[in-house]
**Student:** 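Below are the structure tokens for one structure; questions will follow.
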Amino acid sequence: MGAIYILWLRELKRYVRSRIQIVVSLGQPCLYLLALGFGLGPVFRQAGHGSYLQFMAPGVVGMTVLFSSVFSGIAMLWDRQFGFLKETLVAPVSRIQIMIGRTLGGATVAIIQGSLILTICLVAGFRPHSWFAIPAAFAFVVMIAIVFAALGTAIGSVIKDMQGFQLVMNFLVMPIFFLSGALFPLANLPAVMAVITRLDPLTYGVDGLRGALTGLWHFNAAFNLSVLAAIACVFIGLGAYAFSKIEV
Amino acid sequence: MIRVQHLVKTFGDFTAVRDISFEVGQGEIFAFLGPNGAGKTTTIKILTTLLPPTSGTIELDGLNPRTQQKQARQRFGIVFQDPSLDAEQTAYENMILHGILYHVPRQLRESRTEHLLKLFELWDRRDSYVKTFSGGMKRRLEIARGFLHTPRILFLDEPTLGLDPQSRNLLWTHVKQVNETERTTVFLTTHYMDEAERVAHRIAIIDHGAIVAQGTAAELKQQTNTDSLEGAFLALTGSTIRDEAASSADGLRQVAKMWRR
């Protein structure tokens with residue numbers, strides 16, 4: 001238990017101490033809010049869908065949690081190259097504990113980031129349909145964080161250099177975000193897109209967030225939660241397996 | 001304490017360690033010497049459970065590090081050749097983290113951390129981030145950390161690399177002291193022959209993955225008809241210079257500098 005706690009705490013300390021990084025990582029979602037939320041707002045309104053800011057704010061929260069949690073897993077790349085990973089791997093602690101500590105730490109950081117962005121959205125003019133929606137939304141933030149922190153750990157265990165990192169960013173993380181329905185409604189999509197969006201785990205997270213916050217569901221809460229829980233199990237298993245195979 | 005029989009390790013078609021056997025008794029200081037790329041670090045990685053052997057048997061304090069990983073890990077401490085500190089945490093936090101990973105009880109953890117940081121003259125800088133430390137300070141911290149959980153076997157992989165004579169002296173004096181008072185077994189590698197001659201009870205020389213000679217410093221000198229360990233080393237391993245492949249870490253360090261991490 002001690003090992004899980006201290007590695008979780010380490011992730012948190014790293015986050016709190018890198019203030020510049022906090023600002024930088026909040027900058028991107030704010031840009032999305034500004035450029036898309038306000039920029040595309042008039043077009044969205046003319047199409048008869050109401051406020052675009054209202055529609056995409058949950059998507060931006062989802063995006064923040066996605067990026068933050070995957071990154072924390074990939075940060076293992078640095079620990080591997082700068083040696084700290086070795087220190088944990090020779091310790092008399094099972095690898096699964098190390099993996100869980102790291103993953104929970106990454107997920108916690110992502111949850112904090114998501115909560116910060118949600119606060120910024122509220123300041124920017126986003127209004128949930130009821131204030132009681134916030135706890136329900138929080139549940140989805142937690143689920144998204146766990147799913148993608150586990151995925152990040154799996155990826156971080158496998159890639160070994162910066163090229164791999166770029167590959168993951170361009171061909172995995174960005175598509176997961178853009179194809180998740182964070183930016184557009186899932187209804188009336190072309191058949192191919194409909195299939196692709198349903199294969200994207202973030203789709204269920206964003207739909208859950210949007211549903212909880214604005215009352216606009218494509219699926220429903222129970223369905224979203226169970227799909228996320230199932231994916232979380234798969235990714236945690238995958239992460240644990242990949243982590244157990246690391247050789248330094 | 002350490003028993004290695006017919007150990008072989010291959011990576012693809014490259015054989016890093018070919019059929020080596022040796023024994024290290026309890027309370028012994030054993031030096032493992034060899035040119036770059038001879039297989040020293042690979043052997044240490046296998047002994048410390050980081051790499052599985054291709055074949056052969058190893059025993060640490062009567063335990064098989066393959067099947068009894070956790071018990072084996074509890075018994076040894078290691079100072080790696082390359083850094084393994086968490087640069088984003090303070091010296092004190094690095095020590096405490098290590099203590100928790102090795103199940104050292106809280107009070108003992110704190111008192112030993114204080115003792116060791118004072119011993120290695122890092123106590124005044126205990127609350128500074130490791131990333132602000134010089135190379136020598138980082139090295140001293142790694143060494144202090146290796147002693148924290150009072151291991152029965154201590155692996156030191158080129159521990160004095162980049163240390164000034166004062167720190168080296170401090171390290172070897174302390175190693176000898178724990179060896180004498182706590183009967184800690186020490187397995188070390190180094191490129192400094194004078195250190196090996198000064199501290200090691202027995203020496204093995206490895207080249208191209210095979211042990212070419214072992215014995216006390218005096219025996220090795222006698223065997224090769226030379227008057228210094230350095231002379232014996234060169235006589236046994238030749239004078240050609242070995243190349244080691246650059247690791248991807250070097251490339252990454254460059255990128256990291258750019259990213260300020």
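All chains are named by letter (A, B, ...) in the order of the sequence lines, taking the proteins before the strands, and each is independently numbered beginning at 1. Nothing here was measured: the structure is a model prediction, and the numbers come from that model.
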**Student:** Using heavy-atom distances under 4.5 Å, tell me whether B:Q69 contacts chain A through its side chain, its backbone, both, or neither.
**Tutor:** neither
**Student:** Can you list the steps and then say if A:R17 with B:E93 is a salt bridge (Lys or Arg N to Asp or Glu O under 4.0 Å)?
**Tutor:** CA-CA 14 Å; A:R17 284 169 186 178; B:E93 286 170 333; 2.6 Å; yes
**Student:** Heavy-atom distances under 4.5 Å only: say whether B:H98 touches chain A with side chain, backbone, both or neither.
**Tutor:** both
**Student:** Could you give the distance from CD1 (B:I100) to CG (A:L9), rounded to the nearest 0.5 Å?
**Tutor:** 8.5 Å
**Student:** When you compare the side chain of A:E87 with that of B:N94, does any pair of heavy atoms fall below 4.5 Å?
**Tutor:** no
**Student:** Look at A:R80, A:R10, A:E247 and state which one has the largest set of heavy-atom pairs under 4.5 Å with chain B.
**Tutor:** A:R10
**Student:** How about A:Y241: does its OH atom have over 12 heavy atoms from other parts shown lying under 6.0 Å from it?
**Tutor:** no
**Student:** Does a side-chain heavy-atom distance below 4.5 Å link A:F84 with B:L97?
**Tutor:** yes
**Student:** Answer with side chain, backbone, both or neither: which region of B:F80 has an atom nearer than 4.5 Å to a non-hydrogen atom of chain A?
**Tutor:** side chain
**Student:** With rounding to the nearest 0.5 Å, note down the distance linking OG1 in B:T90 to NZ in A:K13.
**Tutor:** 7.0 Å
**Student:** Which residues pass the salt bridge (charged side-chain N to carboxylate O under 4.0 Å, His left out) test with B:K118, sequence neighbours left out?
**Tutor:** B:E114
**Student:** What is the distance from atom CG of B:L101 to atom CD1 of A:I98, rounded to the nearest 0.5 Å?
**Tutor:** 7.0 Å
**Student:** Pick one of side chain, backbone, both or neither for B:R145, based on which atoms fall under 4.5 Å of a heavy atom in chain A.
**Tutor:** side chain
**Student:** Looking at A:S18, A:A3, A:P92, A:G2, which makes the most heavy-atom pairs under 4.5 Å with chain B?
**Tutor:** A:P92
